[in-house]
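For the single chain, residues carry numbers from 1 onward in sequence order.
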Amino acid sequence: MKTYQLYINGQYVDPANGEWFDSIDPYRGEAWAKIPRGTAADADKAVKSANEAMWRGPWAKMTASARGKVMRKLGDLVAANAERLAEIEVRDNGKLMAEMLGQLRYHPEWWWYFGGLVDKLEGGLVPIDKAETFAYTTHEPVGVVAALTAWNSPLLFVAWKCAAALAAGCAVVVKPSEFTSASTLEFAALTKEAGIPDGIFNVVTGFGPEAGSALIAHPGVAKITFTGSDTTGAKVYETAAKSLKRVSLELGGKSPNIVFEDADLTAAAAGAISGIFAATGQTCIAGSRLLVQSSIKEKFVARVLELAKSAKIGDPMQSDTNVGPITTPAQYKKVLDYIDIAKAEGARCLLGGKPATGDGIKGGQFVEPTIFTDVDNTMRIAREEVFGPVLSIISFDTEEDAIRIANDTIYGLAAGIWTKDLARAIRVPKQLRAGTVWVNTYRAISYMMPFGGMKHSGVGRESGIDAVREYQETKSVWISTATDVPANPFVMR
């Protein structure tokens, strides 16, 4: 069993309290690694190191082009280590190897993209309306960033947050989920190999109330970026507001996947399955509400059922596995509780609805792919985030009806539309209150496209050019070229 250390100021170090905790393999149900239990003392050490490195160390003196070069090299190193890192993530969170390897092979794109963007973040000359005045703007790093990542895609979230932050000139302290810390600690070594100066990238692991809260409240942290539930996100926001920190929040969702009667039903059925079961439902963008037009409901649901029944449940490391375990015992219980709630509220269970058992299923944290129909949008199963392989099918009659149901939620992270009607494909996204809308596809992401939510689904955006601005301040500089002395120094010029 491997024993990990914290990564602070370019070195692996033991936690100040000398304590570790077990990381559990969700598939086998057994400990496989020991993770350092960081505390406020470790967080303080990391933040101080990050501030020193960012404002007074080599990072501050490097040209933008030089910073971009080491970032691009980091992308190369991740590409070379993608399979090893993916295997670690599967051991930690139980998601499919096919999914995690796909993420790790795509992960370098963020470092290549933002590394190429660093020396193109220009300020501007302002044609100011004041005589004898030269005025311009610059964009400067906001300060040290605390990046709190979620357990379902640890290193993907590191890329989303840290590539943009480093491109902006910031230093970061990453606090990964206590359930999935190993891959981030492994990744830290690659930052040093790439040439990123000591103190610019730090990892403090541990529990939220100990390490996480200390980072959020630390006076040396200027910006918080968090991925997780809306409940926890609200607490992060509240704590950060006390010291007026900048905040980005990528939170939960209850995303509608809307199938119109003119859709390609074969493609839409595959999209519905991918939207909810491909990641065992453990993704914030899960298409957990499947809205189906009444005129096609019977035949479309039959197609979805046929595909869902073919899913192979088992070892996430195997390439032919379709559904893996739930990552944590608490989440496993939560998913089963929501299934019971749905049944009690009158939803009709067409498939699954209980723990999965059988050959190749270990660890006791598997839930059968579950499909409910006759779901009303007022039911809890349609309103609250389950974060598991549970699909709610809701029927609608008209386009207006679909839009109303889709928007009738506190969330606004993503939505899907399936239609062959080009006018509808343009018209409906404008009316959906969601940060991302996919048409005739689902769960597509890119380093080029902004990602984030509306309403309870978050604040701010990740990825895309605008993401860098989340980590920068704009400075206005005025230079007077006047040779005369103001006639009245008490009056604003």
Side-chain angles (χ1 to χ4, degrees), residues 3-23 34-55 57 141-151 154 157-158 161-162 165-166 170-185 187-188 191 198-251 328 459-460 470-471:
T3 298
Y4 284 94
Q5 295 173 292
L6 304 173
Y7 188 78
I8 298 174
N9 199 27
Q11 302 294 325
Y12 283 105
V13 296
D14 289 345
N17 61 6
E19 295 182 14
W20 280 258
F21 60 94
D22 290 340
S23 183
K34 288 192 173 295
I35 305 299
R37 184 170 181 168
T39 62
D42 300 298
D44 180 62
K45 182 179 178 181
V47 172
K48 287 177 177 176
S49 296
N51 272 288
E52 180 66 26
M54 176 184 164
W55 298 113
V142 68
V144 170
V145 176
L148 285 71
T149 59
W151 48 260
F157 294 139
V158 167
K161 299 174 186 303
C162 298
L166 266 63
C170 299
V172 297
V173 180
V174 180
K175 193 290 182 184
S177 166
E178 61 268 28
F179 299 112
T180 54
S181 298
S183 62
T184 304
L185 289 168
F187 171 84
T191 67
D198 295 348
I200 296 301
F201 185 89
N202 307 271
V203 184
V204 176
T205 58
F207 297 94
E210 298 168 358
S213 295
L215 283 172
I216 297 166
H218 199 290
V221 171
K223 159 89 179 187
I224 306 293
T225 173
F226 169 83
T227 296
S229 71
D230 60 323
T231 302
T232 305
K235 294 177 182 177
V236 170
Y237 210 175
E238 181 181 8
T239 302
K242 293 176 182 177
S243 51
L244 299 178
K245 289 179 171 62
R246 306 292 190 269
V247 176
S248 295
L249 305 171
E250 194 271 282
L251 308 177
T328 71
V459 177
E470 299 275 350
Y471 300 95

Within the 4.5 Å heavy-atom criterion, are [X] and [Y] side-chain neighbours or not?
{"X": "V172", "Y": "V144", "answer": "no"}
{"X": "E178", "Y": "W151", "answer": "no"}
{"X": "V236", "Y": "L249", "answer": "yes"}
{"X": "W20", "Y": "I35", "answer": "no"}
{"X": "T225", "Y": "L148", "answer": "no"}

Practice item. Kindly state whether the ring of F226 and the ring of Y237 have centres lying under 6.0 angstrom apart. Key: no

Practice item. Let me see the working for Y4 and Y12 under ring-ring contact (aromatic ring centres under 6.0 Å, His included), right down to the final yes or no. Key: CA-CA 8 Å; Y4 284 94; Y12 283 105; 8.1 Å; no

Considering all heavy atoms, the nearest [X]-[Y] contact:
{"X": "D198", "Y": "A53", "result": "O-CB, 3.2 Å"}
{"X": "N9", "Y": "N202", "result": "N-OD1, 2.9 Å"}
{"X": "S248", "Y": "E470", "result": "OG-OE1, 3.2 Å"}
{"X": "T205", "Y": "S181", "result": "CG2-CB, 3.6 Å"}
{"X": "Y471", "Y": "C170", "result": "O-SG, 3.4 Å"}
{"X": "L185", "Y": "P36", "result": "CD1-CD, 4.2 Å"}

Review point. How long is the gap from NZ on K175 to CG on L215, to the nearest 0.5 Å?
Key: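 Output value for this atom pair is 9.0 Å.
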
Review point. Which residues pass the side chain to side chain contact (heavy atoms under 4.5 Å, CB included) test with T184, sequence neighbours left out?
Key: P154, L155, V158, V174, P176, V203

**Study point:** Test side chain to side chain contact (heavy atoms under 4.5 Å, CB included) applied to S229 - qualifying residues, sequence neighbours left out
**Key:**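 S229 satisfies side chain to side chain contact (heavy atoms under 4.5 Å, CB included) with T231, T232 only.
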
Point to revise | Backbone of G143 reached by a side-chain donor or acceptor of K223 within 3.5 Å | key: no

Review point. Quick one: does D42's side chain have a donor or acceptor within less than 3.5 Å of a partner on V204's backbone?
Key: no

**Study point:** Charged tip of K34 within 45° of F21 ring normal and under 6.0 Å
**Key:** no

Review point. Using the ring of each side chain (for Trp, its six-membered ring), is F187 parallel, tilted or perpendicular to F201, with breaks at 30° and 60°?
Key: perpendicular

Point to revise | side-chain hydrogen bond (donor to acceptor under 3.5 Å, both in side chains) partners of residues 209-218, not counting sequence neighbours, each pair once | key: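 Every side-chain hydrogen bond (donor to acceptor under 3.5 Å, both in side chains) pair that includes a residue of residues 209-218, provided the two are not neighbours, is R37-E210, D44-H218.
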
Exercise for review: Using distance alone, with no hydrogens and no angle criterion, decide if K245 and T239 have a side-chain donor and acceptor under 3.5 Å apart.
Suggested key: no

